Participant: 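I have a structure I would like to understand better, so I am pasting it below and will then ask my questions one at a time.
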Amino acid sequence: MPKNLKSSNKFPDGFMFGTSTAAYQIEGAWNEDGKGENIWDKMVHTHPELIKDSANGDVACDSYHKYKEDVALAKALNLKFYRFSISWTRITPTGEAHKINPKGIEYYNRLIDELLANNIEPLVTMYHWDLPQYLQDLGGWVNPIIADYFKEYAKVLFSNFGDRVKWWITINEPMETCKGYSFCNYAPYLNLSNTGYYRAGHTQLLAHSKVYHLYNDMFREKQKGKISISINGMFFIPKNVDSEKDIETAERANQFERGWFSHPIYKGDYPPVMREWVDRKCKSEGRPWSTLPTFSEEEIKLLKGTADFYALNHYSTRFVTNGIDPNPNPNYNPDAEYIISVDKSWPVSIAPWLIVVPEGLHKLLVWIKNEYNNPPIIITENGYADDGRLNDLERIDYIKSHLYATLQAINDDKCNVIGYTCWSLLDNFEWMDGYRYHFGLVNIDFNNPQRPRVPKASYQFFKAIVTTGILNDSVSPTS
Ligand code: GBH
């Protein structure tokens, strides 16, 4: 980070700041007030050994009971919006929309009203990885019928909350959902290899487009909201910038990582390079069909143009070179044939995958601008993991440098970034990593039944930026 900010240090008027969270990671109350069982409930209870320290989200931050405290913390930060997700099985315990749980509707009504009473806009994720167990038993996301269940669920949400919710995310990080079907990274913890991986993605894309059209057809005129899907991933940069091969490989890696879900939504179909590589590989393996499903002409038409803004979740960056990794990281799709590496100078957080490369965010924002015709972008997640310490200077550095990268993209490259969301307001349940990694601006002691909330140094730091819209000298980069 340069000492003197060359780029203007002021965010554009109207730039929106928020924080982000997800139902299973904070709510707790896993079986209260009629909530049904979802795939995370099921996995943590039947296979606790899969989660670090056998932790679970049964209580988590207890936000189901303490949501007013969370909103007060958001209010004191001067946030414009608060991103949270709705627990599908609180609304419909089995995932079937003809069986609604009124207490679930009441909970989110109270939360939304509390936010609005404090002048904070809700930005609502419909699905953040907690599929109803009943729908999983039907096959989960590899079964195309789940797209219709999702649409019916979305109809319940628009009908009940759309009068007050104007920002919607259909699905959080569809690529990560797929890893739960192929690489055993998350619930439902299946290993269906690339067939499961791509099928789960296909159904999610169709589910997203159905919900987008449902909104257009039945709700948009009256409710006037905006809808997108939060797309995540590493950014890949060529290891050797002078190598044509590395440049081509990085582009292919980015298409497999991010184009997989963005290309259908912005251009109508899977990225050509992905189609070509997966089909060729499947053919060489002697498979009768490609593991990457195909969309019908009609589906392509329905997919194209189904994002009102680009919702980007981003944490880290990698170098790539061409080739087949002799020690493949099971989290990366082998079909894309690239080898990842890192620069030794890049700081590593407590979470080994979260390596700090702010210039990656800058480059990624420019990539999105060029690839998808300069869409409005909201960064719907960005944040840093540590051990939960209150004097969290590394988190401050991370946020500072990533906000500076965002300013560079806006000022120097005219990227249309309209919002930034910090993951997360509170320390929370970090999926397979249990409570080892903390991402909050606010600390929670998970051994204390009261789950006391204690703001960290980064909370005060973020508050100053949110309040002034300026990344000013007192918060200028330190390194
Ligand atoms: C987000 O996912 C989630 O939306 C959120 O729920 C979560 O709490 C937050 O980030 C923080 O993790 O380099 O091979 O080890 C981030 C998803 C998790 C994807 C880590 C990449 C590492 C792959 N990322 N994963 S690897």
Side-chain angles (χ1 to χ4, degrees), residues 18-27 39-40 51-52 55 57 60-61 63 83-87 123 125-130 169-180 182-187 197 204 229-236 253 256-258 260-261 311-320 325 327-334 336 338-342 346 348-357 360-361 364 378-386 388 395 398-399 402 421-441 444:
T19 59
S20 180
T21 179
Y24 188 76
Q25 296 180 271
I26 65 161
E27 284 180 0
I39 56 175
W40 279 87
I51 318 288
K52 279 198 189 133
C61 308
S63 288
R83 176 178 181 231
F84 65 95
S85 85
I86 291 183
S87 162
L123 189 156
T125 310
M126 298 176 174
Y127 181 74
H128 199 123
W129 307 355
D130 45 359
I169 298 293
T170 54
I171 296 174
N172 180 69
E173 303 188 350
M175 178 170 70
E176 300 306 305
T177 306
C178 297
K179 293 180 185 173
S182 54
F183 310 147
C184 289
N185 276 31
Y186 307 101
Y197 188 60
Q204 289 180 89
I229 175 171
S230 284
I231 296 176
N232 74 300
M234 295 285 171
F235 190 58
F236 294 110
F256 268 83
E257 183 90 350
R258 186 169 295 95
W260 181 9
F261 294 98
L312 172 70
N313 289 5
H314 178 73
Y315 292 86
S316 193
T317 288
R318 297 287 185 274
F319 281 139
V320 287
D325 202 328
N327 305 305
N329 177 328
N331 292 311
Y332 294 97
N333 181 352
Y338 56 83
I339 300 172
I340 60 168
S341 56
V342 298
W346 294 342
V348 186
S349 77
I350 190 174
W353 61 271
L354 211 171
I355 296 170
V356 185
V357 198
L361 173 60
L364 167 56
I378 298 180
I379 297 170
T380 41
E381 282 184 31
N382 177 248
Y384 185 79
D386 64 14
R395 174 166 297 102
Y398 182 95
I399 297 174
H402 285 74
T421 320
C422 174
W423 183 275
S424 181
L425 181 65
L426 309 174
D427 288 345
N428 60 51
F429 178 75
E430 180 57 15
W431 308 112
M432 305 309 279
D433 294 316
Y435 296 100
R436 291 266 183 101
Y437 305 154
H438 300 242
F439 280 84
L441 300 171
I444 292 194

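Since we're looking at a predicted model, the values are computed, not measured. Counting starts at 1 for both ligands and their atoms, following the listed order.
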Participant: Check whether any N or O atom of Q25, backbone or side chain, sits under 3.5 Å from an N or O atom of ligand 1, and answer yes or no.
Facilitator: yes

Participant: Are any of the heavy atoms in M175 under 4.0 Å away from ligand 1?
Facilitator: no

Participant: Measure the distance from atom 26 (S) of ligand 1 to every protein heavy atom, then report the residue, atom name and distance (to 0.1 Å) of the closest one.
Facilitator: N331 ND2, 3.4 Å

Participant: Can you report which non-hydrogen protein atom sits closest to atom 8 (O) of ligand 1, along with the distance?
Facilitator: E430 OE1, 2.7 Å

Participant: Tell me whether S20 contacts the main-chain N or O of S424 through its side chain, where contact means a donor paired with an acceptor under 3.5 Å.
Facilitator: no

Participant: So, are K52 and E430 salt-bridged, with charged N and O less than 4.0 Å apart?
Facilitator: no

Participant: Check each of I355, D386, L354 against S349 using the side-chain contact (heavy atoms from CB on, under 4.5 Å) test, and report the only one that passes.
Facilitator: L354

Participant: Is the closest N or O pair between Y315 and ligand 1 shorter than 3.5 Å?
Facilitator: yes

Participant: Looking at ligand 1, is there an atom of it that comes within less than 4.0 Å of some heavy atom belonging to Y437?
Facilitator: no

Participant: Output yes when a side-chain donor or acceptor of N172 lies under 3.5 Å from a complementary backbone atom of S230, and no otherwise.
Facilitator: no

Participant: Side chain, backbone, both or neither: which part of Y186 has a heavy atom under 4.0 Å from ligand 1?
Facilitator: side chain

Participant: Using modelled atom types only, decide if a donor and an acceptor are shared between the side chain of N313 and the backbone of E381 within a distance under 3.5 Å.
Facilitator: yes

Participant: Just need the protein heavy atom nearest to atom 3 (C) of ligand 1, so name the residue and atom and give the distance.
Facilitator: E381 OE1, 3.4 Å

Participant: Let me know which of Y186, F429, W129 forms a ring-ring contact (aromatic ring centres under 6.0 Å, His included) with Y24.
Facilitator: F429

Participant: What atoms in ligand 1 come closer than 4.0 Å to a heavy atom of R318?
Facilitator: 13 (O)

Participant: I'd like to know if the side chain of R318 reaches the main chain of M234, judged simply by a donor and an acceptor atom lying under 3.5 Å from each other, with no hydrogens or angles considered.
Facilitator: no

Participant: Tell me whether N232 has any N or O atom under 3.5 angstrom from an N or O of ligand 1.
Facilitator: no

Participant: For ligand 1, which is the ligand I care about here, please tell me if E173 has any N or O atom under 3.5 Å from one of the ligand's N or O atoms.
Facilitator: yes

Participant: Quick one: does R83's side chain have a donor or acceptor within less than 3.5 Å of a partner on L123's backbone?
Facilitator: no

Participant: With a heavy-atom distance limit of 4.0 Å, tell me whether N172 approaches ligand 1 through its side chain, its backbone, both, or neither.
Facilitator: side chain

Participant: Counting only nitrogen or oxygen atoms and a 3.5 angstrom limit, does K179 reach ligand 1?
Facilitator: no

Participant: Measure centre to centre between the rings of F319 and W346, then say whether the value is under 6.0 Å.
Facilitator: yes

